Amino acid sequence: MEDIWREALEHLVHDSGISAQHRSFLRLVKPLAVVEDNVFLAVAEDFTKTYIESTLRGGVTEALSHVLGRDIRIAVTVDASVTPPDIAVPEPTAVDDAGTSAPSAPTPVTRTPDAVPDPHLNPRYTFDTFVIGSSNRFAHAAALAVAESPGKTYNPLFIYGGSGLGKTHLLHAIGHYTRQIKPQTRVRYVNSEEFTNDFINSIRDDRSLTFKRTYREVDVLLIDDIQFLQGKEQTLEEFFHTFNALHNAGKHVVITSDVSPRNLDGIEERMRTRFEWGLMTDVQPPDLETRIAILRKKAQADDVAAPGDVLEYIASNITSNIRELEGALIRVTAFAALNKQTVDLSLAQVVLKDLISDNDSEITASSIIGTTADYFGISMDELTGTSRSRVFVTARQIAMYLCRELTDLSLPKIGEHFGGKDHTTVMYSVKKVEDQIAQRRQMYNQVNEIHARVKQQTRG
Ligand SMILES: Nc1ncnc2c1ncn2[C@@H]1O[C@H](COP(=O)(O)OP(=O)(O)OP(=O)(O)O)[C@@H](O)[C@H]1O
């Protein structure tokens, strides 16, 4: 049980980042047992129980579900004689490293003394780390205007555009900035797939009041990837009511989609009209200068040295998806770090030789899962299953990472390909591989080899 708890704490710190206060409360917890889908925890005082249940329940539940590979509930009991085990709560270095941007950047929004970090918002996705170019200038300006005075202009704000072009980044940035200016603002970010699941579960568990409260008692609702609601009549109906309730109350709604409202099939006219009430703006693939600037910012944020010609080489060859652009930079700098070489053009050319091709659209999650399973000599079922033994976990995490990098699938969609895993599990895996790639040669080689094989297969 202690091992499970230790791993859950690691996951919690890694994924959401936690404050010193959270850490001190977590130190007071003794993990007791797992019984079916319940995890029993004990603490010595009522106050600690209340704190865990009110403030840390979401994070702890998610972390334990992640470790155990299934949805669990927690139950906290009070037992004055409890002595917590001697398990150090890890320092949140990973999140901080990733969360702070360039050394010269201002203090990250989420670390202001008043605003408690919102675990639904990625600390890296702020306005400070967003590079403005002609492809996204308008969307950025609109997002900033909304964040500065929610409920006033551009309501709803509808941002659309292709995969990996910064829509999610802008949504999170609105969330961070709104709360930086006015910490008491109630902001809720949700992916449409989570919204759907929440809605379905609320009906199943007879919790429709809780559902309404979650989504209607907010000042700003940020809803990502609305195209996912296409054809889901009941969820759409519920979203329609949520939207109206918020809009009527002067609350702000920001929506993203991979297509414009006009091209959203399976959505009624009355809803489409409402989306068009406010402001619609698109994000386009960035031009070369913007791509270089994005890479430069990323290199600064990760504190890696990459000369201009290398950034230009990467930016010239990867043109349509910023996620893949960043992935290529990570690969080049990781290779150099592992081999104690400096990053230069010839090194970048060698590293990216197999990775640069223009037919990525044909890469599917199944081909990635199949190739990864093959590479590790395991079956696809084992790869997408729940076993926690090491080789399965590594294979699973690498396959998730490559799905994120090479396909247009959202995090929840990737989760579905892996036996219905939660999107936070996917997010954690992606981050883990991203971190380890520069630290462990074996991880680097594995990711590189599988990536090259996936691309080779797509080329036929
Ligand atoms: N203008 C930008 N400046 C800096 N980073 C950016 C910019 N645009 C995108 N990125 C980065 O590119 C990656 C992909 O962006 P994001 O997830 O926001 O895309 P998206 O449009 O929401 O894609 P999807 O539709 O697939 O969810 C993120 O790591 C994000 O930080």
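Residue numbers count from 1 along this sequence. This structure is a prediction, so every number in the text was calculated from the model and none was measured. Atoms within a ligand are numbered from 1 in the order they appear, just like the ligands themselves.
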Within the protein, residues bringing a heavy atom under 4.0 Å of ligand 1, chain by chain:
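Residues Tyr125, Thr129, Phe130, Val131, Asn136, Gly162, Ser163, Gly164, Leu165, Gly166, Lys167, Thr168, His169, Asp225, Ile294, Ile322, Arg323, Glu326 each place a heavy atom under 4.0 Å from ligand 1, listed by chain and number.
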
Closest heavy-atom contact between Leu406 and His451?
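Taking every non-hydrogen atom into account, CD2-NE2, 3.5 Å.
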
Trace of the side-chain contact (heavy atoms from CB on, under 4.5 Å) decision for Ile450 with Phe376:
CA-CA 10 Å; Ile450 299 166; Phe376 284 97; 3.8 Å; yes

Check for me whether Lys232 meets the cation-pi criterion with Phe228, that is, NZ or CZ under 6.0 Å from the six-membered ring centre and within 45 degrees of the ring axis.
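Yes; both conditions hold, so Lys232 lies above the ring face of Phe228.
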
Is it true that Arg404 and Glu434 have a side-chain N and a carboxylate O under 4.0 angstrom from each other?
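Answer for the salt bridge query: no.
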
With sequence neighbours left out, what residues match Arg213 under salt bridge (charged side-chain N to carboxylate O under 4.0 Å, His left out)?
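Partners of Arg213 by the salt bridge (charged side-chain N to carboxylate O under 4.0 Å, His left out) criterion come out as none, since no residue qualifies.
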
With a sphere of 6.0 Å drawn around CZ of Arg270, does it hold more than 12 non-hydrogen atoms of other residues, nucleotides or ligands?
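Correct, the count exceeds 12.
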
